[in-house]
Amino acid sequence: MTKKRILSGMRATGTLHLGNYFGAAKGMVALQDDPNYKTFYMVADLHALTTPFNVEELRKNRHNVIADYLAIGLDPEKSTLFFQSMVPEHVELAYYFSTVVSVARMQHLPTFKEKVKQYPENVTMALLNYPVLMAADILVYQAELVPVGIDQEPHLEIAREIARKFNSQYGLSLPEPKRFQTSGEYVPSLTGEGKMSKSMPGSFIALTDDLETIKKKLAKVPTDSGKGKIKTITDTKKPGYQAKKRYIDSTTNQESKGVLALMTLVELFEGKEKRVKYEKAYESSGVRYGELKTYLAEVIYNEIKPIQEKKREILTQPGYIDEVIESGAKKARQVAGETVRMVRQAMGIAQLGINS
Ligand code: TRP
């Protein structure tokens with residue numbers, strides 16, 4: 001039996017937070033430990049060049065992502081771990097792919113538009129090409145599943161479109177990659193607005209935070225009187241929908257989004273039953289947020305503490321990460337090289353040779 005291939009990657013920016021942990025990292029570990037799959041996990045260091053960057057920071061950050069990968073339980077014996085830039089086949093395939101993608105399609109992507117707003121001085125070809133390179137990252141391993149956050153769905157759609165076009169134009173059978181969903185799809189921001197995000201200070205709990213820091217961050221989450229009504233909204237029209245809840249404070253009649261963030265975290269760390277317990281209190285005797293926050297801080301810290309310890313241990317072994325990367329890149333290049341050769345053959349450019 002041939003194993004299905006998995007690819008995922010994280011951009012080399014800053015440290016991981018609970019949003020990345022539930023949205024992607026847990027899924028990456030689960031797939032690695034499933035014998036039906038062969039897993040490739042990279043650090044997207046080339047994608048880090050699509051927005052203004054600093055080489056020294058990039059060096060530190062990409063090293064740090066590998067340390068995080070190892071700390072959360074990715075095992076170089078089971079998963080191929082590498083830097084994207086060490087497998088130049090990604091770039092070559094991205095170039096071939098770009099021949100079937102229209103500029104207009106890329107310009108209309110919400111992720112592109114956001115970056116244009118954020119860095120109006122930096123609207124480059126690399127930025128426009130971001131999703132094409134991502135499609136190449138995935139398809140160069142002919143990966144079928146991609147454990148990644150829900151925000152990446154538009155990019156996966158591009159990868160599927162490219163696979164379809166290449167298959168029909170060149171008689172290939174590239175897979176149309178699907179997203180692998182994990183339970184904590186959407187980890188809300190501590191501010192109560194939007195989701196946890198690296199680019200929003202105060203929105204996230206980092207995997208490296210200590211207990212005091214977590215307590216301080218949770219203390220700032222806006223709450224309410226502790227009593228109110230809960231409304232459940234189900235948007236069944238959306239594929240893969242999750243029920244959304246609104247917590248309406250009984251004194252102000254306003255929605256408490258901070259309370260939603262706290263309840264979601266309770267469920268992610270302690271399970272549904274615990275959340276239901278707090279929700280019952282919300283609708284009857286009232287919730288004491290001071291207690292809930294202290295308890296939640298401890299539960300979160302207990303889960304991430306072993307990850308922090310492991311990371312510290314990894315960072316005390318000089319050269320270990322370099323070895324992991326070097327052997328990972330070698331394995332990755334073998335697979336990637338086969339795909340690129342196959343694509344060049346199918347397109348007919350491999351046969352051009354040097355003569356007329
Ligand atoms: N775009 C992804 C993100 O921002 C990172 C990424 C790059 C990626 N290439 C990938 C994720 C390939 C999955 C597969 O999170």
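Order of listing sets the numbers, starting from 1, for every ligand and every atom in it. Hydrogens, waters and symmetry mates are skipped; everything else that's a heavy atom, side chains included, is used.
- When all heavy atoms of Leu18 and Leu207 are compared, the closest pair comes out as CD2-CD2, 4.0 Å.
- Between Phe82 and His90, the two ring planes are perpendicular [angle over 60°; tilted spans 30° to 60°].
- Shortest contact from atom 8 (C) of ligand 1 to any protein heavy atom: Gly9 O, 3.7 Å.
- Looking at atom 7 (C) of ligand 1, its nearest protein heavy atom turns out to be His47 ND1, 3.3 Å.
- More than 12 heavy atoms of other residues, nucleotides or ligands lie within 6.0 Å of CZ in Arg105, so this atom counts as buried by the packing criterion.
- Take Asp45 and apply the salt bridge (Lys or Arg N to Asp or Glu O under 4.0 Å) test, not counting sequence neighbours, and it matches Arg62.
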Q: For Asp249 and Lys227, run salt bridge (Lys or Arg N to Asp or Glu O under 4.0 Å): C-alpha distance rounded to whole Å, both residues' side-chain angles, the deciding distance at 0.1 Å, then the answer.
A: CA-CA 6 Å; Asp249 182 17; Lys227 280 190 199 182; over 6 Å; no
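- Near Tyr130, meaning under 4.0 Å from one of its heavy atoms, ligand 1 places the atoms 1 (N), 2 (C), 3 (C), 4 (O), 5 (C).
- Close approach of ligand 1 to Val146 is summarised as follows: ligand atoms under 4.0 Å from at least one heavy atom of the residue are 13 (C), 14 (C).
- With ligand atoms numbered from 1 in the order given, ligand 1 contributes 7 (C) to contacts under 4.0 Å with heavy atoms of Ala44.
- Among all non-hydrogen protein atoms, the one lying nearest atom 4 (O) of ligand 1 is Arg11 NE, 3.1 Å.
- Protein heavy atom in closest approach to atom 14 (C) of ligand 1: Leu7 CD2, 3.6 Å.
- Each of the atoms 11 (C), 13 (C) of ligand 1 lies under 4.0 Å from some heavy atom of Val148.
- No side-chain donor from either of Ser173 and Asn167 sits under 3.5 Å from a side-chain acceptor of the other.
- The nearest non-hydrogen atom to atom 2 (C) of ligand 1, considering only Gln152, Met42, Arg179, comes from Gln152.
- With hydrogens and angles left out, the side-chain atoms of Gln32 and Asp75 include no donor and acceptor closer than 3.5 Å.
- Looking from atom 9 (N) of ligand 1 to the surrounding protein, the closest heavy atom is Asp137 OD2, 2.8 Å.
- Under a 4.0 Å heavy-atom criterion, Gln84 is not in contact with ligand 1.
- The shortest N or O to N or O distance between Ser8 and ligand 1 is not below 3.5 Å.
- The cationic atom of Lys38 (NZ for Lys, CZ for Arg) lies less than 6.0 Å from the six-membered ring centre of Phe40 and within 45° of the ring axis.
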